[in-house]
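These numbers were taken from a predicted model, which means no experiment stands behind them.
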2 protein chains.
Amino acid sequence: MARTPAPGTRDTILTAAAGLFYEFGVRAVGMAQVVEAAGCGKNLLYKHFPSKAELAAAYLNLTRHERERAVTEALRWSADPVDRLLALVTEIADSVRRPGYRGCAFRNYLTEFPGETDEPARVAQAYLADSRAQMDRLVLGAGGDALLTDRIWLVVNGLYSGTPAQASVAVDWITEMVRPTEAP
Amino acid sequence: MARTPAPGTRDTILTAAAGLFYEFGVRAVGMAQVVEAAGCGKNLLYKHFPSKAELAAAYLNLTRHERERAVTEALRWSADPVDRLLALVTEIADSVRRPGYRGCAFRNYLTEFPGETDEPARVAQAYLADSRAQMDRLVLGAGGDALLTDRIWLVVNGLYSGTPAQASVAVDWITEMVRPTEAP
DNA sequence: GTCTATATCTTGATAGAC
DNA sequence: GTCTATCAAGATATAGAC
């Protein structure tokens, strides 16, 4: 009775690994833990991901795609440049508010592996650069200048490493910055 | 090599360990590396620091004392509440600008060991709480309200995980927030 | 006696073999 | 899916220099 090769094995393993890596950190989680959480054999894990670094890179790529999907979805409903910027900021704030939030996965990885130049590190750095570039494009599109891009990135950086309680403060503040003040 | 004079042994070890821990992360640095960098025997290391956790706690406490000394020094010259707040912010910005800056040591530790409740984790959490409380006290003393404390903490958080280039942006911005605007 | 150096024990991790 | 080789790291114990 040959087992039917499960269609989503790679995804199953990756999803399990991603959850563990994000919650406990990449260094702290062993391949054995991933195997146990995925409910598969060790051979399968190494068949799909020949090394832990490749699994970590896949984890960061998965996270990137999830973030991009969520951001694209959030931006889909707004055409106005200011609305689009605020939609992005709101989406980030929502992600910070989600239970189990433990900071930005990419920044966390780079903190765990400082000075590293392997593939996961490159994925993380690329995401952060692209993420900043996207934010800057939206700020400039909404009529902001270079100073405002710096300031908003500062606040968003603080938001990423902050608590859910600060999410609303950040959103409200950035709204104030880019919307004409309403008289009371 | 020549025998290390006895009295400063603990400090020598701790200084060496602190440099390595901050630069490469606590997890990535082994006790053997600390021994080599300190130029002492393994026995002596374990005599002064019975476990790696105790060495890590000592590292964070040392960092805390260094930060507190620098902040106290920066605040010494200002009596005016607004000046004191800006002196603190400027001191933080200067520390971010220092070559070799690799983020806040306490946040980095908590990122490396999420969910940990041992002594180093408690030291790190206590520092962050005290640090925020001090900042809030200065903001309130300078005439700010609760909203301003939240906003300034957001910016300072972003500054900690930011680049030296953003340090000036943060200082200028906070200056603008707490000083009466000067007419052009 | 104090410190260095080394040898070793134990644990846990990556990885590959069966 | 289990079993095992290999290695690194934390921690301890022992042997030897000053």
Side-chain angles (χ1 to χ4, degrees), chain A residues 1-14 16-60 109 112-116 118-121, chain B residues 1-60 109 112-121:
Chain A
M1 41 193 297
R3 281 258 235 131
T4 313
T9 305
R10 206 193 113 105
D11 285 351
T12 304
I13 295 172
L14 185 49
L20 291 170
F21 282 166
Y22 182 70
E23 183 173 0
F24 302 108
V26 175
R27 273 201 134 105
V29 172
M31 296 297 261
Q33 265 177 85
V34 174
V35 163
E36 194 187 5
C40 72
K42 203 180 262 189
N43 49 1
L44 262 182
L45 169 59
Y46 277 99
K47 189 183 189 94
H48 288 287
F49 306 99
S51 74
K52 190 180 181 180
E54 298 196 38
L55 182 57
Y59 149 63
L60 292 176
Y109 183 87
E112 279 198 273
F113 298 88
E116 202 72 46
D118 58 0
E119 223 226 316
Chain B
M1 271 294 167
R3 197 97 85 83
T4 313
T9 304
R10 207 194 113 104
D11 284 351
T12 303
I13 295 172
L14 185 50
T15 303
L20 291 170
F21 282 166
Y22 182 70
E23 183 174 358
F24 302 108
V26 175
R27 273 202 133 104
V29 173
M31 296 296 262
Q33 263 177 87
V34 174
V35 163
E36 194 186 6
C40 72
K42 206 179 243 193
N43 239 343
L44 202 51
L45 168 60
Y46 278 98
K47 181 171 187 162
H48 288 286
F49 304 99
S51 74
K52 192 180 180 179
E54 298 196 38
L55 182 58
Y59 149 61
L60 292 176
Y109 183 87
E112 279 198 274
F113 299 87
E116 203 73 45
T117 59
D118 57 0
E119 223 225 316

Please evaluate residues B/V34 and B/F49 with respect to the criterion side chain to side chain contact (heavy atoms under 4.5 Å, CB included), reporting the C-alpha separation (whole Å), side-chain torsions for both, the decisive distance (0.1 Å), and the verdict. CA-CA 12 Å; B/V34 174; B/F49 304 99; over 6 Å; no
Between [atom2] of [N] and [atom1] of [X], the distance in whole Å:
X	N	atom1	atom2	result
B/E36	C/dT4	CD	C1'	14 Å
B/E54	D/dG10	CD	P	15 Å
B/H48	C/dT2	NE2	C1'	11 Å
B/L45	D/dA13	CG	P	15 Å

Report the residues that fulfil side-chain contact (heavy atoms from CB on, under 4.5 Å) with [X], sequence neighbours left out, ordered by chain and then residue number.
X	answer
A/S51	A/A53, A/E54
A/Y46	A/M31, A/K42
A/A121	A/Y109, A/L110, A/E116, A/D118
B/A37	B/A16, B/L20

Any donor-acceptor pair under 3.5 Å from A/R27 side chain to B/E112 backbone: no
Can you name the atoms? Protein N/O to nucleotides 15-17 of chain C N/O, anything below 3.5 Å, with the distance.
residue : atom : partner : partner atom : Å
C/dA15  : OP2  : A/K52   : N            : 3.0
C/dA15  : N6   : A/K42   : NZ           : 2.4

Steps toward side chain to side chain contact (heavy atoms under 4.5 Å, CB included) verdict (A/V35, A/I13): CA-CA 8 Å; A/V35 163; A/I13 295 172; over 6 Å; no
CG (A/L14) and CG (A/L45) are apart, to the nearest 0.5 Å, by 10.5 Å
In residues 18-29 of chain A, which ones come under 4.0 Å of DNA chain C, going by heavy atoms? A/V29
